[in-house]
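A short worksheet on the structure shown next.
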Amino acid sequence: MATITELLGGRRCGVLLHPTALPGPDGCGSFGSRAHAWVDALADQGIAVWQILPLTPPDRTGSPYSSPSSFAIHPGFLDLERLVEEGLLGGEQRDAIRAASDAPADGRDPAAQRWRVGRKVALLGRALGQAHRECWSGDERRLFERWRQRQRGWLEDYALFVVIKEQHQGCPWWQWPPGLAQRHRSALRRFAGEHRRALLEQALLQWLVERQWLALLSHARQRGLSIFGDLPFYVAHDSADVWARRHLFTLKADGGLQQQSGVPPDYFSATGQLWATPVYRWWLHRLTAYGWWMDRLQRQYALMDLLRLDHFRALESCWSVPGGDATAQRGRWCPSPGSALLQRLRLRRGGSLPLVAEDLGVITPAVETLRRSFGLAGMKILQFAFGDHAGNPYLPHNYSDCNWVVYTGTHDNATSLGWWQQLDEGQRQRVRHYIGGDVDRAPGWALVRLALASVAGLAIVPLQDLLCLDDHARFNTPATVGNNWCWRIGADEAHIRDALAGYGGLADQFGRRAGGPC
């Protein structure tokens with residue numbers, strides 16, 4: 001079984017940056033020229049991996065981890081300029097969309113960003129539907145229809161879900177009229193017949209955003225860059241996945257939660273955490289040979305080179321809480337068929353399993369055995385390393401082998417500068433003793449150097465740390481709703497190039513530069 005070093009062809013390094021943070025005129029980054037330039041900027045410095053968050057459409061708070069679909073791509077990533085260049089959208093239509101979707105407030109405000117992107121997507125869908133009817137060539141229509149047929153397994157349900165939700169003012173699916181909520185065939189047929197244009201628009205958006213992403217993925221691969229994606233373990237209750245396959249999830253007859261996911265009480269929370277996502281009915285997944293899981297994972301592997309499975313420990317056993325509870329205290333551990341699922345996925349992929357386990361937190365021997373039995377890389381976070389004892393598992397001298405991905409921090413952590421600013425003097429002294437040098441002057445870069453010097457096969461650094469940004473640039477603070485998922489690159493391009501060049505130079509010193517000696 002291949003280690004992370006073998007999968008990537010040597011010791012490597014990468015940068016964590018979600019495409020939404022790329023600069024652009026439409027409220028969030030796109031798959032256009034700026035994204036292609038970003039790929040080139042990484043590849044030029046021998047940086048081998050670009051890690052992203054899920055590409056799926058976000059929820060109403062902007063989170064891609066609670067998406068209305070496990071299969072769709074966020075249509076907000078569509079680049080208008082490329083559509084015009086390809087003749088799929090008129091220049092006047094592009095200008096009209098931009099004029100009508102100007103943010104009503106400060107463009108850095110999360111609500112304004114979401115409004116702007118949502119407005120762009122709605123207007124773009126209508127414009128594409130009109131262009132498809134009036135001016136697309138027969139070849140383009142045939143390409144689209146062939147793609148639409150290939151994706152029917154998820155696309156029809158997703159398009160129906162989005163359009164029905166729009167027609168019912170965003171209400172969750174279990175509050176829709178019974179015929180639609182319960183998926184009665186006659187009700188769905190009648191709705192589809194009445195909303196053909198809107199359903200077509202959703203399909204067109206998905207076809208084109210996938211096409212733009214695959215062009216970017218191809219460009220990355222040509223430059224020797226691997227795309228490292230992310231997959232949440234659970235799926236949102238209010239999603240096309242659960243609505244269309246409710247039998248696979250622990251739901252009541254009325255669509256409410258029978259059991260919900262979370263984690264038990266611990267040192268950080270006396271009542272545990274509730275995630276309000278349904279637990280899987282694993283016995284039915286077994287009966288279907290894990291078909292939905294296989295389709296879900298295969299879809300991601302068609303879009304990525306490497307995949308992180310969030311909350312990996314739930315593949316061994318999950319904390320299942322009664323659906324009506326307000327805390328996680330009454331939950332219980334329920335076994336999950338992780339070994340059987342991973343075996344089937346490995347067979348489906350011809351023996352290769354390019355998967356990284358998010359194994360943070362309190363991990364039992366059984367979870368660690370599952371990870372190791374499939375040769376999966378685990379994760380180490382350097383911000384967690386400086387407790388009060390030398391045996392801390394996140395300290396680099398305790399890494400047992402190279403099959404790890406080491407991070408300065410992730411999208412859920414403070415930036416490294418923000419982390420340093422929050423430490424008390426005793427904690428800072430422990431960091432100074434371990435790392436040495438002038439940590440105070442550039443704490444983020446001190447962690448970068450420590451990550452690169454470790455035995456871990458892959459080192460990943462958020463761009464915010466390379467730019468020495470404080471917590472104003474933090475991407476997400478777990479268990480909060482508000483100022484999350486909204487950070488955008490504001491630094492000038494020369495500053496970013498210099499930061500990437502410095503990172504590439506350090507990577508070269510530690511044998512991590514792509515194209516250099518392994």
Side-chain angles (χ1 to χ4, degrees), residues 18-36 55-60 62 64 67-69 71-104 107 111-137 140-141 143-145 147-148 151 155-156 158-167 170 195-216 240 303 485-486 488:
H18 197 45
T20 54
L22 291 167
D26 301 318
C28 77
S30 75
F31 297 153
S33 60
R34 295 291 185 92
H36 285 256
L55 292 178
T56 48
D59 67 6
R60 60 183 179 82
S67 175
S69 173
F71 293 81
I73 301 176
H74 182 18
F77 287 129
L78 270 166
D79 183 68
L80 301 183
E81 302 301 334
R82 296 214 162 212
L83 293 175
V84 173
E85 290 168 8
E86 294 173 349
L88 300 173
L89 187 71
E92 291 182 358
Q93 291 174 306
R94 172 203 58 205
D95 296 341
I97 290 169
R98 288 216 169 114
S101 58
D102 279 342
Q113 286 180 356
R114 291 193 292 272
W115 181 90
R116 190 175 183 184
V117 175
R119 179 76 168 156
K120 165 195 164 181
V121 169
L123 294 172
L124 179 56
R126 292 173 205 157
L128 290 172
Q130 180 182 353
H132 174 269
R133 290 189 301 272
E134 297 177 0
C135 57
W136 278 19
S137 70
E140 288 290 355
R141 287 198 187 92
L143 284 172
F144 166 64
E145 289 301 333
W147 174 86
R148 195 179 188 182
Q151 307 300 329
L155 182 62
E156 286 187 358
Y158 168 73
L160 277 167
F161 181 85
V162 171
V163 177
I164 296 172
K165 197 172 181 68
E166 287 175 349
Q167 293 295 314
H195 297 87
R196 289 183 188 279
R197 286 192 176 184
L199 295 171
L200 172 68
E201 289 166 8
Q202 291 300 320
L204 289 168
L205 288 167
Q206 285 301 308
W207 177 51
L208 292 172
V209 75
E210 179 182 308
R211 191 159 88 167
Q212 287 192 1
W213 171 253
L214 291 178
L216 182 60
L303 304 174
W485 319 108
C486 61
R488 305 290 183 257

Could you walk me through whether Leu155 and Trp207 pass the side-chain contact (heavy atoms from CB on, under 4.5 Å) test, one step at a time? CA-CA 10 Å; Leu155 182 62; Trp207 177 51; over 6 Å; no
Could you please spell out the steps behind the side-chain contact (heavy atoms from CB on, under 4.5 Å) verdict for Glu166 and His195? CA-CA 11 Å; Glu166 287 175 349; His195 297 87; over 6 Å; no
Taking it one step at a time, do Val162 and Gln206 satisfy side-chain contact (heavy atoms from CB on, under 4.5 Å)? CA-CA 12 Å; Val162 171; Gln206 285 301 308; over 6 Å; no
Walk me through whether Phe161 and Gln202 qualify under side-chain contact (heavy atoms from CB on, under 4.5 Å). CA-CA 10 Å; Phe161 181 85; Gln202 291 300 320; over 6 Å; no
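The environment of CD in Glu92 is sparse: at most 12 heavy-atom neighbours from other residues, nucleotides or ligands sit within 6.0 Å. In the displayed structure, Arg197 atom CZ is contacted under 6.0 Å by at most 12 heavy atoms of other residues, nucleotides or ligands.
Gly27 and Arg488 get closest at one heavy-atom pair: O-NE, 3.3 Å. Listed here is the closest heavy atom pair of Ser69 and Pro57: O-CD, 4.4 Å. Scanning all heavy atoms of the two residues, the minimum distance from Leu55 to Trp213 falls at CD1-CE2, 3.6 Å. Taking every heavy atom of both residues into account, Arg141 and Glu134 meet most closely at NH2-N, 4.3 Å. Across all their heavy atoms, Gln93 and Gly90 have their closest contact at OE1-N, 2.8 Å.
The CG atom of Leu128 lies 11.0 Å from the CG atom of Leu123; values are rounded to the nearest 0.5 Å.
Ala96 pairs by the side-chain contact (heavy atoms from CB on, under 4.5 Å) definition with nothing, not counting sequence neighbours. Residues satisfying the side-chain contact (heavy atoms from CB on, under 4.5 Å) test with Glu145, not counting sequence neighbours, are Arg148. In this view, Trp485 and Tyr65, Phe475 satisfy the ring pair (Phe, Tyr, Trp, His ring centres under 6.0 Å) rule, not counting sequence neighbours. Not counting sequence neighbours, the partners of Glu210 by the side chain to side chain donor-acceptor pair (under 3.5 Å) test are Trp147, Arg299.
Side-chain contact check for Leu204 versus Leu88: every heavy-atom pair is 4.5 Å or farther apart.
Ring-plane geometry between His132 and Phe144 is classed as perpendicular, the angle between the planes exceeding 60 degrees on a 0 to 90 degree scale with a lower cut at 30.
The stretch residues 117-126 participates, sequence neighbours left out, in these salt bridge (charged side-chain N to carboxylate O under 4.0 Å, His left out) pairs: Asp26-Lys120.
Remark: side-chain polar atoms of Thr56 are not paired, donor with acceptor, to backbone N or O of Ala72 under 3.5 angstrom. Panel note: side chain Gln212, backbone Phe31; no donor-acceptor pair is recorded below 3.5 Å.
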List the atom pairs, donor and acceptor, that lie under 3.5 Å between side-chain atoms in residues 73-84 and the rest of the protein, sequence neighbours left out.
residue : atom : partner : partner atom : Å
His74   : ND1  : Gly76   : N            : 3.2
Asp79   : OD1  : Ser30   : OG           : 3.0
Asp79   : OD2  : Glu81   : N            : 3.4
Asp79   : OD2  : Arg82   : N            : 3.0
Glu81   : OE1  : Arg94   : NH1          : 3.0
Glu81   : OE2  : Arg98   : NH1          : 2.8
Glu81   : OE2  : Arg98   : NH2          : 3.3

